[in-house]
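Read the structure below first, then the notes.
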Amino acid sequence: MEDPRAKVEHYLESNKIPQLFEAITSDLLFYKPDNPKEHILKYLENVKVAGTAPLINEQDLETMFGMFDITKRGTVTAEQANRALQVILGPAADLAEVGVKPGSNLTKDQFVSSMAHALKRASPYRQQ
């Protein structure tokens with residue numbers, strides 16, 4: 001018999017419900033609308049049509065790379081990149097899902113590309 005908790009967690013993750021709620025909450029905190037319920041409804045209508053907008057852009061990822069490249073060698077390890085992704089998406093996030101091999105080193109371009117791909121995959125709906 002399947003564990004009910006595991007079944008619920010699988011449902012939530014496979015439908016990207018935590019990411020959707022995080023995106024809604026971020027949008028509410030950014031805009032601070034007078035009528036939050038109406039704002040959420042409009043947000044969901046927009047998501048249905050256009051998808052969610054990424055909360056982290058390429059420039060943010062380049063900045064993040066610089067924070068992890070403390071030795072200024074121009075590369076970070078896959079483990080450092082995974083930690084960066086886990087800061088954004090949570091402890092289950094893994095860049096191996098987008099082809100980053102454990103033990104490898106990533107240049108800034110590789111870091112930004114891999115992170116952007118992983119974030120896009122984690123988006124609750126289509127990207128704009």
Would you give the length of the straight line joining atom OH of Tyr11 to atom CD1 of Ile17, rounded to the nearest 0.5 angstrom? 5.5 Å

Residues Ala23 and Tyr43: closest non-hydrogen pair is CB-OH, 3.3 Å

Which value, rounded to the nearest 0.5 Å, describes the distance between Met67 atom CE and Met64 atom CE? 6.5 Å

Look up atom OG1 in Thr63 and atom CG in Asp60, then write down how far apart they are to the nearest 0.5 Å. 6.0 Å

Looking only at heavy atoms, what is the nearest atom pair of Ala81 and Leu95, with distance? CB-CD1, 3.3 Å

Other residues, nucleotides and ligands only: do more than 12 of their heavy atoms fall within 6.0 Å of CG on Asp34? no

Rounded to the nearest 0.5 Å, how far apart are CD1 of Ile24 and CD of Glu22? 11.0 Å

Gap between atom CG of Asn82 and atom CD of Glu97 - 0.5 Å precision: 9.5 Å

So, does Asp69 use its side chain to make a donor-acceptor pair with the main chain of Arg73 at under 3.5 Å? yes

Any link between Tyr31 and Leu44 through a network of hydrophobic side chains (Ile, Leu, Val, Met, Phe, Trp, Tyr) touching at under 4.5 Å? no

Mind checking whether Gln80 and Phe111 have side chains closer than 4.5 Å, heavy atoms only? no

Steps toward side chain to side chain contact (heavy atoms under 4.5 Å, CB included) verdict (Val100, Gln110): CA-CA 9 Å; Val100 175; Gln110 291 168 325; over 6 Å; no

Going through the distances and angles, do Arg83 and Glu79 end up as a salt bridge (charged side-chain N to carboxylate O under 4.0 Å, His left out)? CA-CA 6 Å; Arg83 281 196 298 276; Glu79 290 72 25; over 6 Å; no

Could you state the interatomic distance from CD (Glu62) to CE (Met115), rounded to the nearest 0.5 Å? 12.5 Å

N/O donor-acceptor pair under 3.5 Å between Ser113 side chain and Asp109 backbone: no

Minimal non-hydrogen separation, Gly103 against Ala78, with atom names: N-CB, 4.0 Å

According to a 4.5 Å side-chain heavy-atom criterion applied to Ile, Leu, Val, Met, Phe, Trp and Tyr, with indirect links allowed, do Leu29 and Phe21 form part of one hydrophobic cluster? no

Note, Leu119 side chain near Leu85 side chain (heavy atom, < 4.5 Å): yes

